[in-house]
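Heads up: the structure comes next, in structure tokens.
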2 protein chains.
Amino acid sequence: MKSKQTSFDIAYRAGVSQSTVSRALRNSPLVNEETRRRVQEIAAELNYKVDKNASSLRTQQSGTIALLLFEDPTNDDSLINPFFLSMLGSITRASAKKGYDLLVSFQQMSNDWHADFEDTRKADGIILLGYGDYTDYEEKLVQLIKQETHFVRWGADVKGLSVVSVGCDNFHGGYQVTEHVINKNRKNFAFLGGVTTGSPEFLDRYKGHCQALKDNNLAVDSKLQIDAVSTDESGYLAAKQLLENGVTFDAICAASDLIAIGAMRAVQEAGYNIPKDIAVVGFDDIATASSTFPAMTTAKQDTVLAGELLVDKLLQLVRGEEAQTQLMPTTLVVRKSCGS
Amino acid sequence: MKSKQTSFDIAYRAGVSQSTVSRALRNSPLVNEETRRRVQEIAAELNYKVDKNASSLRTQQSGTIALLLFEDPTNDDSLINPFFLSMLGSITRASAKKGYDLLVSFQQMSNDWHADFEDTRKADGIILLGYGDYTDYEEKLVQLIKQETHFVRWGADVKGLSVVSVGCDNFHGGYQVTEHVINKNRKNFAFLGGVTTGSPEFLDRYKGHCQALKDNNLAVDSKLQIDAVSTDESGYLAAKQLLENGVTFDAICAASDLIAIGAMRAVQEAGYNIPKDIAVVGFDDIATASSTFPAMTTAKQDTVLAGELLVDKLLQLVRGEEAQTQLMPTTLVVRKSCGS
DNA sequence: ATTGCGCATGCATACGTATGTATTTTTTAT
DNA sequence: ATAAAAAATACATACGTATGCATGCGCAAT
């Protein structure tokens, strides 16, 4: 049980050649039924496991996909955005379901990324996950395309590049939650989330938000839009700034649940009641959203479906098939933070 | 830029042999300074990347560690316990820091696990993560030991087995939070968390809890201990059951933050004020804990340190060195849920 | 009986790297 | 100038698997 068993060892015990062992274990129709059974029995008995390095070297396929997770640069070293963490979980599950192992790698967006898992043959393809909100991003994508790397990404469609993306309809989601709050008879809306500097995702949500306001003859007041990145601390600060502005408002649409959570804290500390005085909606439906007080109404992104789509499309590309960019709808999850 | 470059291609262009290329790229002192520079230049120019499969096959080292994440069987398919998710993040970071890639794999505890990453040479060692609360567990560990697999695990020390564990001092943590609440002049303590059926971690926390009560001449009432697994739903149900018991209490110690979150919801729905009527403490300090209302006082497990310790110790084992089981202290994080 | 065919198996090789050993080139000492 | 030592490079091989090709065997058709 100690030293490693090879297919030659199995071959010896079974009295056949190594090639027959290899074929038998892979259920090749070329080997006799009886022989196959005997070989597989012996292999199991000796606890033989195929050496994936040798196998991958020979077949040029690793049976592994790599997940590159880009961090919010603002997050401190130890935390991961819970939304992406949840995506990570669903991607892990989805790839396991397809029989692929998952290599997870955190990346600093700013630095050069270490996207050479496919070049090094450690992975057959790559999933990119994170807010694509920095300048070099497209350049990097172009490079990946040029190298003919198989990859898919989470996020909004990238115009002009033949890149397969899976993302949520952020515009629609932003519209959806805003409309919901409008129906609660709120008139003065604030929006917390980086619009000029931030991610394209946030911008789309803001556009949807504004469209909903316009469609309902409500004003868009730029004083009521405050930049924030996706942390509760940032949301807290943004809401504080908003409160100090002196402009009145009775609803906050946050670009993410984390921002909303921070905002709720700031608003409550200022003595306002949620939802009576101020309604709050988030975006994402992270786990925490159901545990805030009051529980948060938000636009849910279906991370389970997203993970499956990402993996499926990536594997299509790996197999040399075509794959299409896909936009998923968001679902309005009504809880308590906007009134009943 | 299309077809894959090998070290032979580099060798050809540099006018040297393949072995010299290999040595040059690995900065072997056997190659001339000037030659090394030239080879590395050409390699960079051609965007050459070492084939890790071939390299691993040759060296018998994968440069990868595998993380086996065992799920709470109670969790639905799509969710991961946020505490373990956080551990996952820190382990990913810690292994990256050591230059290792991380293979992540979710496992159903009930089934046979797929712990053959080392057998298949896909990983040099394995980290086991999850509550070790089911019957076959030790048996599996014994098997891993017998196969001489390099592995470390998160959790309490396993008596009688030479297994390297990294865990928190759950007894002390349970003691610590309970003592804190005792100092807030609470007298009647409930404990929510599986004790008879649950994980050894929960049991240790309960023991610490009870010890703190005894040391302060407070009664341990078994009617005030309700089993719960680590989900907020389970915590919610447990707290409801507790409330219906009719036994009075003014403090709840939960075996985990998730349980505490559910309990808080139940308590608040029943019309009680936290912390005025009932104090609540959790365990773990997951991200959500700071965002509950009121913010939760809890015993923090240092996931960053834990991740680093797990990776460090595993790599020690991989290198053939000795490694010791280590218990980390918990830190009391005082917020609002027990009063000020 | 010879040929031909299908089936099962063995043989040989390639995947790309890392490294022990042999060989060549350069330097140093005499 | 020559031998010896040192340095740099080339040669050869092994890691363990998967697979194209060749081989051998039994059986049916001619």
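Chain A is the first sequence line, chain B the second, and so forth, proteins listed ahead of strands; every chain is numbered from 1.
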A:L25 CG to D:dT17 C1', straight-line distance once rounded to whole Å: 11 Å
Nearest whole Å is fine: how far is D:dG16 P from B:K52 NZ? 20 Å
Do A:T303 and A:S86 have a side chain donor and acceptor closer than 3.5 Å? yes
Using atom CZ of B:R121 as one end and atom P of D:dG16 as the other, report the distance to the nearest whole Å. 7 Å
Are A:L88 and A:V104 close enough that some pair of their side-chain heavy atoms sits under 4.5 Å apart? yes
Length of the CG-P vector between B:D9 and C:dC15, whole Å: 11 Å
Checking B:E33 against B:T35: is there a side-chain donor and acceptor pair closer than 3.5 Å? no
What do you reckon, is CD of A:E322 surrounded by more than 12 foreign heavy atoms closer than 6.0 Å? no
Looking only at side-chain atoms of B:Q60, point me to the closest of D:dA18, D:dG16, C:dT17. D:dG16
Looking for any heavy atom pair under 4.0 Å, which part of the strands does B:T59 touch: base, sugar-phosphate only, or nothing? sugar-phosphate
In this structure, how many angstroms lie between the C1' atom of D:dT19 and the CG atom of A:L57, rounded? 14 Å
Can you see if the side chain of A:S55 gets near the phosphate of D:dT17 - specifically, an N or O under 4.0 Å from OP1 or OP2? no
Separation of C:dC15 P from A:Q61 CD (nearest whole Å): 16 Å
Would you say the side chain of B:I126 lies within less than 4.5 Å of the side chain of B:L68, judging by non-hydrogen atoms? yes
Nearest whole angstrom, please: distance from the C1' of C:dA18 to the OH of B:Y48. 10 Å
Kindly give the atom pairs (protein nitrogen or oxygen, nucleotide nitrogen or oxygen) under 3.5 Å for nucleotides 8-13 of chain C.
| from | atom 1 | to | atom 2 | distance (Å) |
| --- | --- | --- | --- | --- |
| C:dT9 | OP1 | A:T35 | OG1 | 2.5 |
| C:dT9 | OP2 | A:N32 | N | 2.8 |
| C:dT9 | OP2 | A:T35 | OG1 | 3.3 |
| C:dG10 | OP1 | A:S17 | N | 3.4 |
| C:dG10 | OP2 | A:S17 | N | 2.7 |
| C:dG10 | OP2 | A:S17 | OG | 2.9 |
| C:dG10 | OP2 | A:T20 | OG1 | 2.8 |
| C:dG10 | O6 | A:R23 | NH1 | 3.3 |
| C:dG10 | O6 | A:R23 | NH2 | 3.4 |
| C:dC11 | N4 | A:S19 | OG | 2.9 |

Nearest whole Å is fine: how far is D:dT17 P from A:Q5 CD? 10 Å
Across all chains, not counting sequence neighbours, the ring-ring contact (aromatic ring centres under 6.0 Å, His included) partners of B:F151 are none
Any pair with a residue in residues 52-62 of chain A that passes side-chain hydrogen bond (donor to acceptor under 3.5 Å, both in side chains), sequence neighbours left out, goes on the list, sorted by first then second residue, please. A:S62-A:D124
